[in-house]
2 protein chains.
Amino acid sequence: MTEQLAGGDLSRLRQLNALAVVHVLRGREALTLTELSRDTGLSRPSTEDVVLQLQEQGWLEEVQPAPGVMGRPARRYRFRADAGHVLGVDIGGHTIRVLAADLDGQVKHTVRTPVAITAGRVDRLGAVDAAVAECLSGAGLSGADVWATTVGTSGLVDASGRVVLSVAFPEWTGVHLAQHVGRLVGGPVLVENDSRLAALAETWRGVARYAQHVVYLLAGLRTGTGLIIDGRLHRGFAQAAGEIGALPELGWIRAQEHLRGWTGAPAGTDPDELAGYVFAAAREGDRRALAVVRRYAKDLALGASALVLALDPQLVVLGGGFSRSADVLLEPLRREIEKRCVRIPEIVTSALGDEAVALGAVKHSLEHLQEHLFDARTGVAAPVRPGR
Amino acid sequence: MTEQLAGGDLSRLRQLNALAVVHVLRGREALTLTELSRDTGLSRPSTEDVVLQLQEQGWLEEVQPAPGVMGRPARRYRFRADAGHVLGVDIGGHTIRVLAADLDGQVKHTVRTPVAITAGRVDRLGAVDAAVAECLSGAGLSGADVWATTVGTSGLVDASGRVVLSVAFPEWTGVHLAQHVGRLVGGPVLVENDSRLAALAETWRGVARYAQHVVYLLAGLRTGTGLIIDGRLHRGFAQAAGEIGALPELGWIRAQEHLRGWTGAPAGTDPDELAGYVFAAAREGDRRALAVVRRYAKDLALGASALVLALDPQLVVLGGGFSRSADVLLEPLRREIEKRCVRIPEIVTSALGDEAVALGAVKHSLEHLQEHLFDARTGVAAPVRPGR
DNA sequence: GTTACTAATGATGGAGACCTTCAAAAGTAA
DNA sequence: TTACTTTTGAAGGTCTCCATCATTAGTAAC
C-alpha cells in the first residue's frame with residue numbers, strides 16, 4: 001500500500017535525523033546550529049552531533065561566522081553542493097546543449113553547439129561528445145566528477161537508454177545513447193524523452209513550480225507532450241506515455257500541415273522556418289495568417305483537450321519553439337480548449353524557452369541522485385559518485 | 001521533492017517499529033513473537049515490547065497458542081481487524097449496494113436493494129438510508145462503529161462530497177451526499193465517482209492486482225473511466241479527471257447510439273435492456289448485430305486509445321454492465337485499440353462484476369483510514385473512530 | 001579600558017529504546 | 001521419568017536523544 005519504511009535500531013534514527021538536517025540545509029545558505037535545531041525540530045546538542053558526523057562524512061562544511069551579531073559568534077555550516085556534479089544534455093535537431101550543475105542544481109557551465117539539421121548519426125554523436133567535453137572543461141570538471149547524467153532526445157527511449165523509435169530522425173533509431181555518453185562520464189547515464197524533461201523543468205524552475213498535475217505541450221516542428229502527475233514525471237508502463245499525437249482523430253498529425261501550406265514566405269524558405277513567417281504575419285494582423293494560426297491552434301487544442309479531460313491538470317504549459325509566438329497562439333488555443341473541456345485549467349506559456357530540455361535533464365539527474373543518496377530507507381549515503 | 005519524514009527522538013523510533021509490526025500483522029493470521037521478530041527485523045525483546053504496547057492500546061489481541069508443536073508454546077498475536085469497520089455504498093441507477101467490512105477489508109455483510117431507474121432524489125436517498133440501516137444491523141453494528149464510509153455515485157463530485165454535475169440523473173445534481181449519509185454513520189464520509197471506485201477495486205481484488213498503471217473502462221449505459229497511476233487513484237486537480245467522454249471526436253457520446261438503433265428486440269423494450277439483445281444476437285452470430293457491436297467497439301476504442309496513448313498503462317480493464325458480454329465485445333475492442341496504439345497494453349475483463357463499485361468504496365474508506373491511523377509521520381494512532 | 005549584555009559552546013546527567021546473552025520454563029517425544 | 005525443543009523473562013550494555021547550566025567569545029555602553 002504505502003511504501004513501507006521499516007523501523008529498526010537506533011542507528012536508523014540517526015539516519016533519519018541526518019536526512020532531516022541535509023534536507024533543511026540543501027539549496028540554502030549556511031545556517032547556525034541553533035537555526036538548524038529550530039528547523040529540524042531536534043535539540044541543539046543532537047543537532048551538533050549529527051552535523052559533526054555529516055561534516056566528517058564530507059557532506060557539510062563549516063564557513064566563516066556571520067559578522068556583526070550580538071553574542072558569541074555561532075559556527076555556520078553549509079551543504080557541500082560542490083561535492084558532486086551532474087550533467088544535462090539536450091540533443092535537439094539544430095542545437096546540442098550541455099549543462100553542468102552542482103548538487104543544488106546551480107548551473108555552473110553551459111555549452112550550446114549548433115548542429116546541422118541534416119547531420120547524420122555519426123556527426124551528431126560527435127557533436128555531442130565535443131559539447132560534453134567542452135562543458136566539462138569549462139566547468140573545471142573531469143568525467144569522473146560527474147555523478148549522474150541525463151540525455152534528452154526526441155523519440156521513444158527504452159529503460160536501458162536506447163532510442164527505440166525516432167520518427168523525426170529515422171537514423172537515430174537504435175542509438176544506444178546511455179552507452180555512448182557513458183564513455184565520457186562517470187555515474188549512471190539516463191536517457192529520456194525531451195518533451196518530458198521540458199515538463200519536468202517547468203515544475204522545477206518554470207511556471208509550473210507549485211502545480212502537482214501539469215500537461216506540458218511541446219509545440220514546434222514536432223508536437224509532443226510531457227505529463228506531470230502527482231508532482232512526478234509520468235512515463236507509463238513501458239516509457240511510452242504521452243504519445244497522444246499518434247491518434248489521427250486528435251489532429252496533431254494534421255496540425256503542422258496548416259502551417260506548411262503558407263505561401264506568404266520568400267520562395268525557397270526552409271520549411272522549418274515557415275512557421276516563423278506565419279506567426280509574424282499573424283502578429284501584423286494578416287487575416288489569412290490569423291486563419292492559419294487559428295486552424296493550427298484548433299488541432300493542437302484537440303489533443304490538448306483530450307489530455308486535459310483525461311487528467312484534469314491544474315496547469316497547461318505551452319512550450320517548444322512556437323511558444324515564442326504565444327502572443328498570437330495562446331489566445332486561440334485557450335478558446336478552443338475552453339470550448340471542449342469540463343473544467344478549464346490555467347493555460348500559460350513556458351518561461352524557460354530553449355533551455356527547458358537541458359534544465360529538465362539536470363533536474364532528472366538530481367532526482368536520480370536524490371533517490372540513491374538521500375533515501376528515507378537507507379539514510380544519507382556517503383558523498384561519492386554512485387555506481388551505474 | 002520526496003515527502004519528508006522528519007526525524008525525531010526515540011519515541012519516533014518506537015512509532016516506526018509499531019507501524020512495522022502492525023504492517024506485518026495486518027491481513028494475516030496470528031503470529032508468534034519469533035515470527036514477528038523475523039518479519040520486522042527487530043530483536044525478539046524489542047518485538048515483545050512493541051507488541052505489548054500495541055496490545056495495551058487495543059490494536060493487537062492474544063489468541064490461543066498453536067497446538068502440537070515442539071518446544072514451549074509461543075504466544076500468538078493477531079491484528080484486531082474488528083476494532084473498527086468501514087462502509088462502501090454504491091448508488092447505482094437500478095440498484096443500491098452497501099457493504100460493511102472490517103479493517104482488513106473482510107466483507108461482513110452485503111445489502112443489495114433494487115430501486116426504480118425513474119426514482120427521484122428523495123426516493124433514492126430514502127432507499128440509501130434504508131440500505132445503510134439494513135447493512136449495519138445485518139453486520140451487528142451501529143452507526144457509531146463505522147470509522148469511514150465511501151459513497152460511489154455517477155457524476156462529478158467536489159471535495160466536500162457534493163454532486164456537482166450528474167448528466168445521467170439531472171435531479172441528482174447538487175445533492176450533498178456526504179452530509180446526507182453522515183447523519184447515519186460516524187467517521188468521515190467520502191464521496192467519489194463510481195468509475196473510479198470500480199477501478200480501485202480492480203487493483204485491490206480484481207484483475208489489476210499487481211499493475212501500477214491501469215485504465216479502467218466502465219462500459220454500460222453510461223461510458224466512464226477510472227485511472228490508476230502509480231498505484232493510486234488519479235482524481236486530478238479538481239476531481240474532474242477521466243472525463244474524456246466529453247470530447248465528441250473520441251466517440252463515446254456516439255457509441256451508445258449504435259446500440260439504440262437496434263431493431264431486433266421486441267417492440268417496447270426498455271432502452272436500457274436493448275444492449276442485452278444486441279449482444280445476445282451477436283453471440284448467436286447475427287451479422288447485423290455483429291456489425292453493431294463492431295461499430296460500438298470502434299467508438300469505445302477511440303476514447304480508450306486516447307487514454308492508452310496518453311498514459312501507457314500496463315493494463316486496460318473492461319468493466320461495467322457490458323463486460324458481461326465481453327465474449328463478443330472484447331475481441332473487436334482489442335483489435336481497434338491495437339490499430340491505434342504505439343504500445344499495446346493487456347486488455348482484460350473485470351472479474352468483480354456488479355460489486356466493483358461497492359468494493360472500491362470499501363477500499364477507498366480503508367485507504368483513508370490508513371492515512372489517518374497508520375501514517376509514517378505520526379505512527380500508529382489509537383484504535384478509535386477518527387473525527388470528520 | 002572596563003563593565004554589562006547577548007547568544008553560542010561544551011559538559012554533565014538522565015531517560016528511552018534498542019541489542020545480545022543466558023538461565024528458567026513449558027511444552028512434546030522417547 | 002528423561003531428553004529435547006523452543007519460548008519466555010531478566011540482566012547488562014550501547015546508542016541516541018533530551019534538558020540544564022557554567023563557560024566563552026563576541027558586541028554595546030559608559
Side-chain angles (χ1 to χ4, degrees), chain A residues 5-22 24-25 30-57 60 62-78 376 378-380, chain B residues 5-22 24-25 30-57 60 62-78 376 378-380:
Chain A
L5 39 114
D9 61 2
L10 292 163
S11 66
R12 174 103 183 89
L13 195 54
R14 172 53 64 92
Q15 289 178 347
L16 289 174
N17 285 332
L19 209 54
V21 166
V22 167
V24 166
L25 219 41
L31 294 179
T32 67
L33 289 177
T34 309
E35 291 164 334
L36 265 172
S37 166
R38 170 173 40 78
D39 289 1
T40 56
L42 298 174
S43 72
R44 221 218 66 125
S46 301
T47 308
E48 179 170 6
D49 215 33
V50 173
V51 162
L52 290 180
Q53 185 180 303
L54 284 168
Q55 185 183 23
E56 211 164 305
Q57 271 189 60
L60 302 188
E62 196 174 340
V63 301
Q64 285 295 319
V69 290
M70 286 283 247
R72 177 170 175 171
R75 288 175 303 186
R76 293 193 304 161
Y77 295 88
R78 71 173 192 90
T378 56
V380 181
Chain B
L5 38 117
D9 60 3
L10 291 165
S11 67
R12 174 102 183 90
L13 197 53
R14 171 53 64 92
Q15 290 178 348
L16 288 174
N17 286 332
L19 209 53
V21 167
V22 168
V24 167
L25 219 39
L31 294 180
T32 68
L33 290 178
T34 310
E35 291 163 335
L36 265 172
S37 166
R38 167 172 44 76
D39 289 0
T40 56
L42 297 174
S43 72
R44 224 219 63 132
S46 300
T47 307
E48 179 171 6
D49 215 33
V50 173
V51 163
L52 290 180
Q53 186 180 301
L54 285 168
Q55 185 183 21
E56 211 164 309
Q57 273 189 59
L60 302 188
E62 195 174 342
V63 300
Q64 286 295 321
V69 290
M70 283 283 248
R72 178 170 173 171
R75 287 175 304 186
R76 292 193 306 162
Y77 295 90
R78 71 172 193 92
T378 56
V380 180

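Just so it is clear: chains get the letters A, B, ... in the order the sequence lines come, proteins before strands, and each one is counted from 1.
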*Asks:* Is there a side-chain contact between A/N17 and the phosphate of D/dT16, meaning an N or O under 4.0 Å from OP1 or OP2?
*Replies:*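 For A/N17, the contact criterion (side-chain N or O under 4.0 Å from OP1 or OP2 of D/dT16) is not met.
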*Asks:* Check DNA chain C against residues 46-57 of chain A and give the residues with a non-hydrogen atom under 4.0 Å, in numerical order.
*Replies:*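 Within this stretch, A/E48 sit under 4.0 Å of the strand.
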*Asks:* Can you find a pair of side-chain heavy atoms, one from A/R75 and one from A/L33, that are under 4.5 Å apart?
*Replies:*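 A/R75 reaches A/L33 side chain to side chain.
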*Asks:* For residues 32-45 of chain B, pull every pair meeting salt bridge (Lys or Arg N to Asp or Glu O under 4.0 Å), keeping only residues two or more places apart or in separate chains.
*Replies:*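 Of all non-adjacent pairs touching residues 32-45 of chain B, those that pass salt bridge (Lys or Arg N to Asp or Glu O under 4.0 Å) are B/R28-B/D39, B/R44-B/E48.
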*Asks:* Once you round it to whole Å, what is the distance between C1' of D/dT8 and CZ of B/R76?
*Replies:*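 Value for this atom pair: 17 Å.
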*Asks:* Check side chain to side chain contact (heavy atoms under 4.5 Å, CB included) between B/L10 and all other residues, then give those that pass, not counting sequence neighbours.
*Replies:*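 Checked B/L10 against side chain to side chain contact (heavy atoms under 4.5 Å, CB included); matches are A/L10, A/L13.
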*Asks:* If the condition is side chain to side chain contact (heavy atoms under 4.5 Å, CB included), which residues does A/V69 pass it with, not counting sequence neighbours?
*Replies:*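 Checked A/V69 against side chain to side chain contact (heavy atoms under 4.5 Å, CB included); zero matches.
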*Asks:* Using whole Å, report how far CZ of A/R12 lies from P of C/dG16.
*Replies:*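 Nearest whole value for this atom pair: 23 Å.
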*Asks:* Counting any heavy atom closer than 4.0 Å, what does B/P65 reach on the DNA or RNA strands: base, sugar-phosphate only, or nothing?
*Replies:*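 Here B/P65 touches no strand at all.
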*Asks:* Among residues at least two apart in sequence or on other chains, which ones pass side chain to side chain contact (heavy atoms under 4.5 Å, CB included) with B/A74?
*Replies:*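 B/A74 satisfies side chain to side chain contact (heavy atoms under 4.5 Å, CB included) with B/T32 once adjacent residues are dropped.
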*Asks:* With the criterion being N/O to N/O and under 3.5 Å, what pairs connect the protein with nucleotides 26-30 of chain D, and how long is each?
*Replies:*
none

*Asks:* Any side-chain heavy atom of A/L25 sitting closer than 4.5 Å to one from A/L54?
*Replies:*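 In short, these two side chains do not touch, never coming nearer than 4.5 Å.
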*Asks:* So, is A/R14 close to the D/dC15 phosphate, meaning a side-chain N or O under 4.0 Å from OP1 or OP2?
*Replies:*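 Answer no for this pair, as no side-chain N or O of A/R14 is under 4.0 Å from OP1 or OP2.
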*Asks:* Any base atoms under 4.0 Å from A/T32, or only sugar-phosphate, or nothing? Heavy atoms, all strands.
*Replies:*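 Here A/T32 touches no strand at all.
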*Asks:* Does B/R75 put a side-chain nitrogen or oxygen below 4.0 Å from OP1 or OP2 of D/dG9?
*Replies:*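 Yes, within the criterion.
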*Asks:* Tell me: CZ of B/R44 to C1' of C/dA25, nearest whole Å?
*Replies:*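 It works out to 13 Å between those atoms.
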*Asks:* OP1 or OP2 of C/dA8 sitting under 4.0 Å from any side-chain N/O of A/T34?
*Replies:*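 Looking at the OP1 and OP2 atoms of C/dA8, one of them is under 4.0 Å from a side-chain N or O of A/T34.
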